Every structure is written in C-alpha cells, then in structure tokens.
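Everything numeric here is computed off the predicted structure, so don't read it as measured data. Convention: sequence-line order gives letters A, B, ...; per-chain numbering from 1.
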Amino acid sequence: MASSAGQPQFRYTQPPSKVLHLRNLPWECTEEELIELCKPFGKIVNTKCNVGANHNQAFVEFADLNQAIAMVSYYASSSEPAQVRGKSVYLQYSNRQEIVNNKSTGDVASNVLLVTIEGVDSGDVSIDVLHLVFSAFGFVHKIATFEKTAGFQALVQFSDADTAASARSALDGRSIPRYLLPEHVASCHLRISFSAHTDLNVKFQSHRSRDYTNPNLPVNPSAIDGAGQFTVGPDGKRRELESNVLLASIEKMQYAVTVDVLNTVFSAFGRVQKIAIFEKNGGFQALIQYPDIATAVVAKEALEGHCIYDGGYCKLHLSYSRHTDLNVKGNNDRSRDYTIPASGMLQAQPSSLVGATPATAGGWQGPPSTPIMYSGNEFMGSSCPPQPGGAPRPQHLQGWEYGQSQIASQTPGPNAFSSPAYAGQGPPMPSPPGLVASNMGTNNLQSSNHSPHIGQPQMPYYGHQPMQMQMPGGLPPVNGGTPAYHM
DNA sequence: AGCACA
C-alpha cells in the first residue's frame, strides 16, 4: 500500500506514546544496552531490538506514558544526546502505543504456560508456592522461573494443553492467595499465556527450576545460592566446589558497602587480589578474589553469616564462585584490581565489571529460539553499564540503590531532569555505628583509619595489605573481648 | 537518522 507518500510521517511533534522509537543505534544493540539507556526514566516493560533494515533501530516501551515523556523531554533539552556505545541515539515517540511482540502471541495452546507474576520480586514467590497453585489443575511436570524485563516469570509445564488451558483460564488475572505470600506483598496478579515451549529442560532442582517428574535430579546449589557448585567428595557426600573467588551477598544492607569496606574485611584473611561489586536482581553482590583457594576457604568459614556492621547490618553470605580470575577493568567504585601497580591505574574508568565467563548458565534451558534471558550466572542482571563519559544523567541509578528507586513510580515533570545535580554519588546513607570487622584485636591496623565513611569516596588501597591483618595460622581473627564478628 | 514479517 502506498500510504507512506501521502503525509509527513515524521513530524517534530509526534503524539506522545509510552513507546519510544530509537534510531541510529549501534549495530546489534542489545536489550541490555537499551535498558541501561532508558531505565533512569522509568520502568521498561518491553523492548524490540534490531529493528529496521540496518538493525539499528529499536523500540522501548515504558510502563507509564509520563516516563516516556520524561525521557524525550530530557534529551530534547540536553546538550548531550542520548548515547549507546558512544553513538548518538535519536529518539522520538513511536507512532504506536505499545510494542507488539508477535513472536508468540500466547494464544497457541500449549502444555506449557508462561506465567508473569506481576508486582513481586523473584524472592517473594517461591517455586513451591507456584507449584502448589498450579497443581490444583493437574500434575505439574516442571517449573522454571526467571526474570526478564517483564518481571518475575515462570514456565509451568503440564502433561497436556487441555490441563494447561484450564489452569490458564482459572488463574489468568487472579492473584496468588495472600496467605501464600510474604506480608509486604500487597497483591500479585498472574498473567498467563501459552508458552512456545513444549518440554522444559530442567537440569537440576533449584530455587529457580524444578522437575517433578524426576525426583532424583541432583540439586544444584549454584542455582540456590547463586554461586558455587557442588562436587561429590571422596566420602560420597556432596561438597561445595571450592574456589579462590568468593561470592558475597549482603543481607540487611543498611549501610553502603564499598569496595574499600570489603577489602578491609576480607584482607584480614589474606591478600585480596581483586574485588568486583555488582547488582543482581536488585541485590548487592560482590566477588572477592584471593590468590589461592585455602585463603578463600578460611575467609568463607570465618565470615559466613557474620555482619560487617554492628546491629546485625550487612550480614554476609558467602559461597564459592565459579570464577577463578576476575576480569576487572580498571579501578572504580565497583571494582578494584589490587594486583595492578598503583602507577598504572590513576584514571577511574567507567563502571564496567566484566567477570570471567561463567562456566554454566542456569539450571534449565529452553529451546534457543525462545528469547528468554537465562539467568543463573552471577552476572545476570548486573547493572554496571559503561557510563558515557561526561554524559549528564538525570539520576544516579547504579548499584544497589536502584532497587529501591522511586523513579518508576514517581515521574517528575520534564523540568525535574534539567539539573545535573544527581550525577554525583549515591544517596546519603546513615553513618554506620562501627565496622564490626575492625574489632579484630589490638594488632589490627585497620580499626579506625579504615572505617568506612559512607557517602564519601575513599582513597582506594592500591598496595598490599599490611601483614598484621593476616592472623597467625590463617585463622580468623579473634579478639579478647567483643567478638570480631557476630551473628 | 525516520516505525516492527498481518
């Protein structure tokens, strides 16, 4: 049809839409790159990448119209254009109101349901709850859960499409019963469609994936704690596969935990080679690399379950990473390579944590045709984008605080983004009552002068840690009076 | 640099 020649299709004033059309993108721009660019302005509910003859256009759909308006307005008045990989990106309202992914309409009946659990984090709805809910309609063969931009999702496999259809029609739009949910979850509606899958490939039982047809399937703790793997020891019992790299997640992170804080804590057990901080699913995680496994084992044993700060704050959970050598690019607020001589790393690079390639992905896999972001490696969901140098950002959304960001729900008017005042550090944090890890004994040099000062950038340690911090025999530091670490 | 295989 020749509808194109008739009218000026591309006007300066497109009618606003939740959907933005981006062009002049770099070749094969990824969804992650799009999200990094757009998420400061709101919640992205859908994307469509590699559109157009040159595969250099894309669509991004915000949850709210005002968020799209905020982004367009911001860049309309910005001196710096939107950029991806250094390329100027041109954006405008799409002439459509929503992205239609005609990949799978979800209307083709299948024995596998694609379930989107709206309004919850992945931690709020366990796979067991899902199993319970869907088992009401028939035997549930397998469940695989994952997170995508659409939110927390699950694939639920029944024996046949009829059973799946009955579950769908009964549950679509309904909410999981309140008593099955954590108290803080107000409601969580299920949006259910048919998946393009017919048989999920669940490799291990984990908190992400379950195969109820094969109870003997090995449990994979890497998918449970997000880190290490188990191996079968000589006694026939499963043992965690040790590594010189520890994966730390932090619970009750009332206070900011910086690279320097981690270095202080973990250096008590040996020389820390590299540290990388990243965010996973809104949670704080860090990788700490020691020169050898033995040191990591000692540190893990000593620190597991203990708190960095008094009052039960910043409780450490440690597991062995699958990485052995972190690929830390430069030194910045999220990553540090202490093995590089100090002279060579004066310039802070844009945040770019790139770990060594994880050996395995998630515990389950579907056909490669399905555009699901397989989660299960430590870097999935990490939001450590390269920040365009000097480009003004309306908000500083790196790091753990993004999970609590209000931006998705509060969309200020266009003027709200005109000031670059947000470009600085993270939000003000309360001062911690004291670094518990510093109460390690009288011969500990790190007590006072290395206490973290939250909200202020610290001088990074580029040198080796003082040997005094390493306890005799490699044992965890013990202190005469107060315990060095406490539960 | 300019709108998506219905």
Side-chain angles (χ1 to χ4, degrees), chain A residues 1-110 114 116 148-151 153 191 193-197 366-373 385-386 388-393 414:
Chain A
M1 295 310 179
S3 66
S4 55
Q7 38 197 309
Q9 282 193 354
F10 309 112
R11 302 164 290 182
Y12 276 107
T13 54
Q14 298 278 111
S17 165
K18 289 184 302 187
V19 183
L20 299 184
H21 175 225
L22 295 83
R23 39 187 223 273
N24 200 36
L25 288 161
W27 176 250
E28 296 280 305
C29 174
T30 66
E31 182 183 49
E32 285 73 19
E33 289 172 310
L34 285 179
I35 290 172
E36 287 308 314
L37 177 68
C38 301
K39 79 177 185 191
F41 301 93
K43 179 171 173 57
I44 295 134
V45 296
N46 207 350
T47 63
K48 196 178 189 75
C49 305
N50 300 326
V51 169
N54 294 325
H55 280 222
N56 61 355
Q57 302 173 41
F59 297 92
V60 171
E61 179 176 342
F62 283 99
D64 190 274
L65 175 63
N66 288 328
Q67 297 166 351
I69 292 175
M71 182 164 183
V72 169
S73 315
Y74 175 79
Y75 284 112
S77 61
S78 166
S79 55
E80 292 283 327
Q83 287 186 332
V84 172
R85 282 185 234 160
K87 272 195 83 176
S88 292
V89 173
Y90 302 90
L91 50 101
Q92 64 191 151
Y93 300 116
S94 171
N95 52 26
R96 303 198 198 176
Q97 290 304 118
E98 62 181 23
I99 292 176
V100 292
N101 292 77
N102 61 11
K103 295 282 187 179
S104 70
T105 59
D107 288 335
V108 181
S110 161
L114 172 62
T116 303
K148 256 195 93 182
T149 53
Q153 294 188 309
R191 207 183 69 224
S193 59
F194 291 113
S195 166
H197 294 278
S369 61
T370 309
I372 287 169
M373 184 190 300
R393 286 305 191 110

*What's the CZ-P distance between A/Arg96 and B/dG2, to the nearest Å?*
16 Å
*Not counting sequence neighbours, which residues clear side chain to side chain contact (heavy atoms under 4.5 Å, CB included) with A/Pro16? List them please.*
A/Leu65, A/Ile69, A/Tyr93
*Any chance you could lay out the side chain to side chain contact (heavy atoms under 4.5 Å, CB included) test for A/Leu22 and A/Leu37, step after step, and finish with the verdict?*
CA-CA 11 Å; A/Leu22 295 83; A/Leu37 177 68; 3.8 Å; yes
*asked:* Taking 5.5 Å and 30° as the limits, would you call A/Tyr90 and the base of B/dG2 a stacked pair?
replied: no
*Just how far, in rounded Å, is C1' of B/dA4 from NZ of A/Lys48?*
5 Å
*So, is A/Gln57 near the phosphate of B/dG2, with a side-chain N or O under 4.0 Å from OP1 or OP2?*
yes
*Among B/dG2, B/dA4, B/dA1, which is the nearest nucleotide to the side chain of A/Asn24?*
B/dA1
*Round to the nearest Å and state the distance from A/His21 atom NE2 to B/dA1 atom P.*
13 Å
_Along DNA chain B (nearest heavy atom to each residue), the more 5'-positioned of A/Lys87 and A/Ile99_ = A/Lys87
*Is there a side-chain contact between A/Lys43 and A/Asp64 (heavy atoms, below 4.5 Å)?*
no
*How many Å lie between CG on A/Leu25 and C1' on B/dA4, as a whole number?*
14 Å
*Give the rounded distance in Å between these two atoms: CG of A/Asn46 and P of B/dA4.*
16 Å
*Starting from C1' on B/dA1, measure out to OH on A/Tyr75 and report it in whole angstrom.*
17 Å
_Distance, nearest 0.5 Å, that separates OH of A/Tyr75 from CD of A/Gln92_ = 16.0 Å
*Between A/Leu20 (CG) and B/dG2 (P), how many Å, whole number?*
17 Å
*Round to a whole Å and report the spacing from CD of A/Glu61 to C1' of B/dA4.*
13 Å
